[in-house]
Amino acid sequence: MPSVLPDGEPMPEDGALPGSALEGAGERPLGFYLHVPYCATRCGYCDFNTYTATELRGSGGVLASRDNYAATLIDEVRLARKVLGDDPRPVRTVFVGGGTPTLLPAADLVRMLSAVREEFGLADDAEVTTEANPESVDRAYLEELRAGGFNRVSFGMQSAKQHVLKILDRTHTPGRPEACVAEARAAGFDHVNLDLIYGTPGETDEDWRESLAAAVGAGPDHISAYALIVEEGTQLARRIRRGEVPMTDDDVHADRYLIADAVLSEAGFHWYEVSNWATTEAGRCLHNELYWRGADWWGAGPGAHSHVGGVRWWNVKHPGAYAAALAEGRTPGAGREVLSSSDRRVERILLELRLRDGCELSLLRPAGLAASRRHLSDGLLEPGPYGEGRAVLTLRGRLLADGVVRDLVD
């Protein structure tokens, strides 16, 4: 089952934020994340807040139905307008994720986007993305999304090898994600992403090279490559514990990352975040950059997380409980935390260090600054940017990013 929510203080029933949350808001971009919690089947590695029809049967009733989900989520968008009051910012990015958003009719996704546009307005150059399962869309579906205002789509490819997909419990067939890229281009999408996963038990270096070659050959302008994380409570974790499949070790993950960076760099992709590569500046995922740069976003949907001006909150997880709260005129927020200035400094280092631009050395305390000098000597930080006052990871530093971050936040 999905992971548990964090601890925090209770949310006010009307969802009101502290007055400090909107101080200086005009200087920060605003984004929306719209969570669709439905999946046709549960992938064996998945720890996200998602539900299949079987899991919802008898536990959510009509309130948890896909049929009225768009209307329910729109209620939260309207609540966001009330909570944010006269905040004049148009929305810079909208990202529809899940789950499998494309299990809903395209018209429902367009309705959800339209609600954001009607309540807040969209920036002239707004980025509007949806995730998509390759088997749940066709060209007509993509054309409807494009006509409704979506301009970026992200397909879950994971691997080009059937035996790897089988371990991950992915239902699409090899070759379908690549075909989806062509269909998205034909539908008018300028920006298309393919998501890959490396380090699946049983995957070889050659398997991974073939997956990368297939992804590059499909012609997207963005590729994400994530190391497989085996989360407790997932089907894959249980299979590994029973000895049915082997656990992939960290050295293999490191080798696969180096392969990915070499292949993608040679193909004209440039890393801009540890796990993300794009062919152009315009191809970068602006919505994810909001997260990494500590901007403001409202997360609508069951289990969605939000952040505005140093206040972070999260919604109840179950679709039925989420819908019931909104039907009763209450916030679906389950809890929140108000970040201290120290918390925000640590988060800036943790997130910004993952970016190609790195983080400012001025954020570091004496112990962190001393650690940064050691990492510079060890070849984990780039000397050029360091001389200009920024900590930027080298390729080797990216492999050890978690450890570097731990040292720098001291």
Side-chain angles (χ1 to χ4, degrees), residues 45 47 158 195-201 203-205 207-209 211-212 222-232 237 240 246-267 269-278 284-285 288-289 291-294 342-410:
Y45 64 93
D47 188 46
Q158 319 316 350
D195 268 347
L196 296 173
I197 289 178
Y198 58 88
T200 299
E203 179 190 63
T204 66
D205 284 354
D207 291 335
W208 179 230
R209 289 183 182 279
S211 293
L212 287 164
H222 190 289
I223 291 177
S224 302
Y226 301 104
L228 177 66
I229 298 175
V230 180
E231 301 284 2
E232 281 302 317
I240 290 173
M247 183 69 176
T248 303
D249 64 33
D250 291 342
D251 289 341
V252 170
H253 279 152
D255 290 343
R256 300 277 160 77
Y257 185 87
L258 293 173
I259 291 171
D261 190 71
V263 170
L264 293 175
S265 297
E266 185 176 353
F269 288 79
H270 310 282
W271 83 279
Y272 70 96
E273 191 274 340
V274 169
S275 299
N276 291 273
W277 291 258
R284 292 159 63 154
C285 180
N288 283 342
E289 288 193 288
Y291 299 153
W292 298 321
R293 297 189 185 280
S342 178
D343 292 334
R344 297 179 78 175
R345 180 192 72 86
V346 168
E347 287 203 353
R348 280 193 63 185
I349 298 169
L350 186 152
L351 295 171
E352 291 181 14
L353 192 63
R354 296 183 61 85
L355 296 171
R356 182 65 185 84
D357 297 335
C359 71
E360 297 176 6
L361 292 173
S362 60
L363 292 171
L364 307 184
R365 291 176 175 167
L369 195 57
S372 75
R373 289 192 287 269
R374 293 196 303 273
H375 290 318
L376 178 67
S377 297
D378 292 341
L380 304 184
L381 296 177
E382 295 281 4
Y386 195 91
E388 299 171 356
R390 303 192 69 81
V392 173
L393 295 171
T394 62
L395 175 57
R396 182 164 168 261
R398 281 184 265 161
L399 294 175
L400 302 171
D402 290 346
V404 175
V405 166
R406 283 195 299 270
D407 290 344
L408 266 55
V409 297
D410 284 347

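In what follows, every heavy atom counts, from backbone to side chain, and hydrogens, waters and symmetry copies are set aside.
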Within the 4.5 Å heavy-atom criterion, are [X] and [Y] side-chain neighbours or not?
X: C285; Y: Y272; answer: yes
X: L399; Y: L258; answer: yes
X: L361; Y: L364; answer: yes

Which pair of heavy atoms, one from [X] and one from [Y], lies closest together, and at what distance?
X: C359; Y: I349; answer: SG-CG2, 4.4 Å
X: L376; Y: P383; answer: CD1-CA, 3.7 Å
X: V404; Y: G397; answer: CG2-O, 4.5 Å
X: E203; Y: I197; answer: OE2-O, 3.9 Å
X: E289; Y: R284; answer: OE2-NH2, 2.7 Å
X: R209; Y: V263; answer: NH1-CG2, 4.2 Å

Residues two or more places apart in sequence or in another chain: which of them pass side chain to side chain donor-acceptor pair (under 3.5 Å) with [X]?
X: T204; answer: D207
X: S362; answer: E360
X: D255; answer: none

Point-to-point distance, once rounded to the nearest 0.5 Å, from [atom1] of [X] to [atom2] of [Y]:
X: L393; Y: L353; atom1: CG; atom2: CG; value: 4.0 Å
X: L228; Y: T200; atom1: CG; atom2: OG1; value: 5.0 Å
X: S211; Y: I223; atom1: OG; atom2: CD1; value: 10.5 Å
X: L363; Y: L369; atom1: CG; atom2: CG; value: 11.0 Å
X: W277; Y: H270; atom1: CH2; atom2: NE2; value: 13.0 Å
X: Y226; Y: N276; atom1: OH; atom2: CG; value: 4.0 Å

Checklist entry - Passes side chain to side chain contact (heavy atoms under 4.5 Å, CB included), D195 versus Q158? Steps please. => result CA-CA 6 Å; D195 268 347; Q158 319 316 350; 4.2 Å; yes
Checklist entry - Does Y198 reach the main-chain N or O of V252 with its side chain, forming a donor-acceptor pair under 3.5 Å? => result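 Not a single qualifying donor-acceptor pair exists.
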Checklist entry - Do W208 side-chain atoms and R256 backbone N/O form a donor-acceptor pair below 3.5 Å? => result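 Side chain of W208 to backbone of R256: a pair is present.
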Item to check | Within residues 344-359 or reaching into it, pairs that qualify as salt bridge (Lys or Arg N to Asp or Glu O under 4.0 Å) - sequence neighbours excluded | outcome: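 Checked against salt bridge (Lys or Arg N to Asp or Glu O under 4.0 Å) - neighbours excluded - the pairs reaching residues 344-359 are E273-R354, R293-D357, R312-E347, R348-E352.
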Checklist entry - Got a sec, which pairs hit side chain to side chain donor-acceptor pair (under 3.5 Å) with one end in residues 388-398, sequence neighbours left out? => result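 Those involving residues 388-398 are Y257-R398, D261-R398.
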Checklist entry - Can you list every pair that meets side chain to side chain donor-acceptor pair (under 3.5 Å) and has a residue in residues 369-378, with sequence neighbours left out? => result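 For residues 369-378, and leaving out neighbouring residues, the side chain to side chain donor-acceptor pair (under 3.5 Å) pairs sorted by first residue read S372-Y386, H375-D407.
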